[in-house]
Structures are given as C-alpha cells and as structure tokens.
Amino acid sequence: MACFSGTLVEGKSKLRYELQAKEVMMLTRPVEPIPLEPATSTEAQLNVRLDYRWLDVRNPKVSAVFQFESWLAQKFREYFRMNGFVEIFTPKIVAAGTEGGAEVFPVIYFGREAYLAQSPQFYKQMAVIAGLERVFEIGPVFRAEAHHTVKHLTEFHGLDIEMGFIEGPEDVMDILERFFRYLSKEAEGDESLKVVRQYYDLSLRVPDRVPRITIREAYEVLKERYNKELPYMEDLDPQAEKYLGDYALKEYDSDFIFVTEYPWKVRPFYTMRKEGEPEWTYGFDLLFRGLEIATGSQREHRYERLLINLRDKGMKPDRFQFYLNFFRHGAPPHGGAGLGLERIVKQYLNLENVREARLLPRDPERLVP
RNA sequence: GCCGCGGUAGUACAGCCCGGCAUAGUAUGCGGGCCUGUCAAGCCCGUGACCCGGGUUCAAAUCCCGGCCGCGGCGCCA
C-alpha cells in the first residue's frame with residue numbers, strides 16, 4: 001500500500017488522466033501477492049470474496065453497498081425520530097426466546113442457560129407499555145436456523161418499531177409505507193449517494209397507496225392469476241411471494257405489497273386475533289419485490305387474552321411470566337413491525353444474495369473472518 | 001435439517017460420463033523480457049492446482065463410500 005503525491009494531468013490512458021508523481025511513500029509492503037483483484041473481485045465466487053472481504057470491499061461497486069446500507073440505517077433513524085419515536089437499546093442476552101422454540105443460540109451465562117436474542121420483540125413492547133409510547137431499535141438479532149438460502153443469515157440487523165395507542169394494524173402499515181416513500185424521495189436527490197448511484201438504480205416504486213390484500217385475497221389472486229394453489233390457512237411459500245411481488249408491480253405499479261390478516265396458526269402468540277374471526281389475526285407481512293422484508297401486527301395487549309393465546313399455542317405461561325408481567329398493570333393497544341436491514345438492501349439494490357449486504361456474514365457454516 | 005448439484009494453479013473455467021493416449025489444458029493474475037513518453041494493450045518466456053480419508057483396480061483428477069466445505073432449492077423466516 002502506497003501514497004502518491006504529484007500533479008494530475010491529462011493523459012492518453014483509458015482514464016484520460018495520469019498522475020505525475022513527485023513523491024511515492026510506501027506505507028506497507030505486502031508479504032504475498034494479492035489473491036483477489038479489487039477491480040474485478042465480483043467475478044470471483046461470493047464465498048471467495050467473503051474469505052477476502054478486506055480486498056473485495058476495495059472494489060467500489062462492493063463498497064457502494066455498505067455506503068448505501070449506512071445511509072439507509074441513518075434514514076430509518078432519522079425518519080422515526082422525526083415522527084416521535086424514541087430509539088431504545090434492549091438486551092441481546094436474554095432468558096427466553098420469543099417463541100420459546102429451538103431457533104435461538106444458547107449461551108452459558110455464569111453457569112446458567114441464556115440465549116442470544118432473536119428479536120427485541122418483548123422489550124420493545126415493554127418500552128411502549130412503560131410510556132415511551134413509540135420506540136424503535138436498530139440492533140443485531142440472531143437466528144439459529146440452519147438455512148441454506150440466499151435470504152437467510154444467522155446474524156443480521158433488525159429494524160424494529162413499536163407504537164402505542166394505535167387504532168389497528170393499519171396504523172403500523174401506514175407508517176412503514178410512509179417510511180419507504182420517504183426513503184425513495186431522499187434517495188433521489190441525495191448527493192452522498194452519488195457513487196452508489198453509479199452502480200445501482202435507486203429508484204423505487206412506492207405508489208400513493210401501497211396495495212394491502214388479505215391473505216385470503218392473496219390465495220384467490222394466486223389461484224386465478226398464477227394457477228398456484230396454496231393450502232387454506234397456510235403461510236405463503238417463496239414462489240407465492242414472488243408471484244405477489246409480480247402482481248403488485250403489474251397491477252399497482254408498486255415494489256411493495258402488504259399481505260394482511262395472517263392465520264392464527266402461523267403467527268406468534270402475542271399477535272392480536274381478529275375480532276369475531278379468531279382463526280385470523282391482525283398480523284401482516286410486507287413484501288418488497290417479492291421478498292418478505294417485514295413482519296408486523298397489532299399485538300394482544302390484554303393480559304387474559306395473552307394467557308388464552310399461550311394456551312392455544314400449547315406453550316407454558318410460566319416460561320413467559322416475565323413478559324406477561326408487563327401487561328399486569330395495564331397496557332395500551334399497540335403494534336409494530338420488524339424489518340431486516342440486509343434484506344431491504346438486497347432487494348433495493350437487486351443483489352443476488354443477502355450475504356452481499358453484510359460486511360461479514362454469518363451462516364450455519366461461516367464463522368470467519 | 002432435507003433434497004439436488006458441485007469441490008482442479010491466486011481467480012474463473014475445461015478435462016471426469018467412456019480410468020491409462022497428460023510433462024493435467026485455457027483465460028486471467030503473478031515474475032521476467034520485447035514493444036512503448038508512462039500506464040494499458042499486444043507478443044514471448046516462466047510460475048503455479050486435482051478438498052480430506054478410505055475403497056475398487058495392474059493403474060484413479062476420472063469409479064464407489066464417508067467426512068468437510070461450496071452453490072442452489074425447500075422447510076422456515078427479517
């Protein structure tokens with residue numbers, strides 16, 4: 001690595017300029033030839049690039065991803081603070097997983113069993129109940145699922161929001177929708193994104209009204225337009241998500257679509273069930289170009305109902321007593337959502353793999369560098 | 001976790017199906033040279049590899065088994 005100083009003059013080279021060096025300072029001398037050429041690093045396979053990430057990211061096209069990610073996180077913070085949300089910082093070492101399932105990483109905490117937080121879910125709700133009213137957090141989340149896909153990481157960054165005194169899940173969707181509209185507008189003119197724009201198309205289709213369809217409507221659309229039949233009351237599969245992304249684009253000129261009123265059986269116990277139709281919920285997903293980037297819902301804020309929900313899920317209330325306690329002294333109607341930072345970046349920049357949107361990705365096999 | 005495909009120089013590929021006909025090929029990189037205001041390009045020379053462990057066979061990069069790793073899909077999910 002070296003530092004050159006001199007005069008930049010016009011030259012005959014491809015770049016049209018050349019530096020007439022007056023001084024060359026050798027900063028450090030490599031101990032071996034470079035294994036990955038920064039200028040062409042993206043021609044190598046992703047796993048090789050990740051092995052030599054410090055070289056790969058010297059490629060301006062790669063570094064642009066992280067400049068954009070930094071910008072995006074900043075805009076998230078900016079937008080929600082602007083709207084009265086308070087940034088919170090919740091523990092990542094926790095006593096229980098959100099659903100109490102096996103998808104958490106166990107850690108030994110002074111001889112006791114603890115886990116790496118798979119979401120700030122419980123604590124952001126607590127913060128709302130505590131009177132912070134509207135909160136958000138940007139923080140790491142951990143998932144111990146052995147996924148081998150282009151959209152899963154075992155460690156990623158969650159963009160979480162939670163808001164109190166809502167009228168319904170629409171309030172949460174409204175603000176998410178507005179956030180992406182804001183993002184799109186900001187991305188258009190931002191000078192700091194100049195380099196990023198050289199490599200990536202930053203235009204976003206966010207119509208005045210982002211489509212919202214119930215999952216029951218989605219079943220119909222899938223069946224009629226795409227000849228894709230999903231079992232009733234089941235979750236969308238990846239192909240279905242892609243179809244719905246296509247549907248949103250063609251029918252609404254939108255990169256986004258909300259799918260609402262998910263079945264109770266595929267949603268966590270803290271989700272509020274639909275009034276009069278307890279088999280359905282006020283839970284929704286947000287699809288961005290056919291990929292789930294956010295999950296949200298109105299939460300159940302009534303203590304007795306939470307107990308019923310837990311029982312219906314076959315879960316032991318005592319394991320979640322610390323969480324249930326939050327609701328013992330009154331809780332406002334509230335709701336929120338969790339978004340995946342890397343997934344948003346992946347979809348926004350049309351990257352092929354979420355790993356590209358993470359400086360040092362962790363997956364079931366990769367632990368270094 | 002399950003299924004499919006794969007693992008050959010620093011990198012990207014070919015060869016493997018039909019085992020010996022290979023001193024394992026090509027491109028690029030790297031080292032040197034020629035050429036040339038410089039760089040790049042072009043040309044020449046050189047450098048450097050069969051994932052690991054078993055098995056089959058006279059003979060394995062090539063066939064079989066196991067492991068590890070990689071890619072993708074699924075389940076699941078942000």
Side-chain angles (χ1 to χ4, degrees), chain A residues 4 6-21 24 30-52 55-56 59 72 76 97-99 101-104 117-121 137-161 176 231 234-242 259 262 266-268 283-288 291-297 336-348 352-358 361-368:
Chain A
F4 296 82
T7 322
L8 196 67
V9 297
E10 273 193 64
K12 294 195 179 81
S13 76
K14 244 191 281 181
L15 296 168
R16 296 202 6 256
Y17 295 102
E18 63 187 46
L19 184 72
Q20 289 181 341
V24 179
V31 297
E32 61 173 26
I34 204 161
L36 195 66
E37 207 58 41
T40 54
S41 74
T42 49
E43 287 165 27
Q45 289 182 12
L46 184 58
N47 65 315
V48 176
R49 293 169 49 196
L50 295 175
D51 285 341
Y52 296 102
L55 265 16
D56 181 43
N59 185 330
L72 182 48
F76 179 82
T98 305
E99 260 97 325
E103 67 279 4
V104 287
Q118 49 125 247
S119 113
Q121 185 61 35
E137 175 163 18
I138 301 175
V141 289
F142 306 90
R143 304 285 162 92
E145 304 269 4
H147 302 295
H148 296 100
T149 75
V150 294
K151 58 183 182 181
H152 288 99
L153 259 14
T154 52
E155 180 186 12
F156 62 97
H157 263 68
L159 306 178
D160 272 89
I161 63 165
L176 286 178
E234 286 297 333
D235 207 346
L236 267 23
D237 63 29
Q239 186 56 251
E241 288 183 1
K242 284 190 188 103
V259 182
Y262 269 72
V266 303
R267 287 275 142 154
F284 62 86
D285 274 5
L286 174 58
L287 272 36
F288 180 12
L291 178 71
E292 179 183 336
I293 56 147
T295 293
S297 69
L339 337 218
L341 174 63
E342 294 81 358
R343 277 199 185 176
I344 298 172
V345 171
K346 170 186 182 285
Q347 292 307 89
Y348 207 135
E352 281 174 16
N353 196 314
V354 241
R355 277 162 250 240
E356 294 177 65
R358 185 119 186 134
R362 291 287 176 264
D363 65 36
E365 280 75 37
R366 181 174 289 277
L367 201 50
V368 282

Could you tell me whether the side chain of [Y] reaches within less than 4.5 Å of the side chain of [X], counting heavy atoms only?
{"X": "A/K151", "Y": "A/P238", "answer": "yes"}
{"X": "A/E37", "Y": "A/E43", "answer": "no"}
{"X": "A/P35", "Y": "A/L55", "answer": "yes"}
{"X": "A/V48", "Y": "A/Y52", "answer": "yes"}
{"X": "A/V141", "Y": "A/F156", "answer": "yes"}

Once you apply the 3.5 Å cut-off to both distances, tell me the Watson-Crick or G-U wobble partner of [N], or none.
{"N": "B/C13", "result": "B/G25"}
{"N": "B/G37", "result": "none"}
{"N": "B/G48", "result": "none"}
{"N": "B/G20", "result": "B/C58"}
{"N": "B/G53", "result": "B/C65"}
{"N": "B/G4", "result": "B/C71"}

Span that lies between the [atom1] atom of [M] and that of [N], in whole angstrom:
{"N": "B/U26", "M": "B/C63", "atom1": "C1'", "value": "26 Å"}
{"N": "B/C71", "M": "B/U11", "atom1": "P", "value": "14 Å"}
{"N": "B/C13", "M": "B/C74", "atom1": "P", "value": "23 Å"}
{"N": "B/A78", "M": "B/C16", "atom1": "C1'", "value": "42 Å"}
{"N": "B/C52", "M": "B/C58", "atom1": "C1'", "value": "26 Å"}
{"N": "B/C64", "M": "B/U28", "atom1": "C1'", "value": "36 Å"}
{"N": "B/G48", "M": "B/A9", "atom1": "P", "value": "14 Å"}
{"N": "B/G10", "M": "B/G29", "atom1": "P", "value": "16 Å"}

Which nucleotide in the list [options] gets nearest to the side chain of [X]?
{"X": "A/P33", "options": "B/A78, B/C30, B/C77", "result": "B/C30"}
{"X": "A/E365", "options": "B/G70, B/G72, B/C77", "result": "B/G70"}
{"X": "A/L36", "options": "B/G70, B/C77, B/U11", "result": "B/U11"}
{"X": "A/P35", "options": "B/A78, B/G10, B/C76", "result": "B/G10"}
{"X": "A/H148", "options": "B/C2, B/C77, B/C71", "result": "B/C2"}

How many whole angstroms separate atom [atom1] of [X] from atom [atom2] of [N]?
{"X": "A/Y52", "N": "B/G29", "atom1": "OH", "atom2": "C1'", "value": "13 Å"}
{"X": "A/E32", "N": "B/G48", "atom1": "CD", "atom2": "P", "value": "16 Å"}
{"X": "A/L286", "N": "B/A78", "atom1": "CG", "atom2": "C1'", "value": "11 Å"}
{"X": "A/E103", "N": "B/G75", "atom1": "CD", "atom2": "C1'", "value": "14 Å"}
{"X": "A/Y262", "N": "B/C76", "atom1": "OH", "atom2": "P", "value": "12 Å"}
{"X": "A/K151", "N": "B/C74", "atom1": "NZ", "atom2": "P", "value": "6 Å"}
{"X": "A/L159", "N": "B/C77", "atom1": "CG", "atom2": "P", "value": "19 Å"}
{"X": "A/L46", "N": "B/G72", "atom1": "CG", "atom2": "P", "value": "7 Å"}

Please confirm whether the shortest side-chain N or O distance from [X] to OP1 or OP2 of [N] is below 4.0 Å.
{"X": "A/N353", "N": "B/G72", "answer": "yes"}
{"X": "A/T149", "N": "B/G73", "answer": "no"}
{"X": "A/Q45", "N": "B/G6", "answer": "no"}

With A/L153, the side chain to side chain contact (heavy atoms under 4.5 Å, CB included) member among A/R366, A/R358, A/R362: A/R358

Name the nucleic acid region contacted by [X], choosing base, sugar-phosphate or nothing; use a 4.0 angstrom heavy-atom cut-off, strictly under.
{"X": "A/V48", "value": "sugar-phosphate"}
{"X": "A/P364", "value": "nothing"}
{"X": "A/E241", "value": "base"}
{"X": "A/I34", "value": "nothing"}
{"X": "A/G338", "value": "sugar-phosphate"}
{"X": "A/E292", "value": "base"}
{"X": "A/V150", "value": "sugar-phosphate"}

Residue pair A/Y262 / A/V259: nearest heavy atoms and the distance that separates them: CE1-O, 3.3 Å

Residue pair A/L291 / A/R343: nearest heavy atoms and the distance that separates them: CD2-CD, 3.9 Å

Earlier contact from the 5' end, RNA chain B, for A/F156 and A/A146: A/A146

Residue closer to the 5' end of RNA chain B, A/L50 versus A/L341 (nearest nucleotide): A/L50

base_contact_polar ([N] base, [X] side chain, donor-acceptor, <3.5 Å):
{"X": "A/H147", "N": "B/C74", "answer": "no"}
{"X": "A/R143", "N": "B/C76", "answer": "no"}
{"X": "A/Q239", "N": "B/C74", "answer": "no"}

Stepwise side chain to side chain donor-acceptor pair (under 3.5 Å) check, A/T295 with A/D285: CA-CA 4 Å; A/T295 293; A/D285 274 5; 3.1 Å; yes

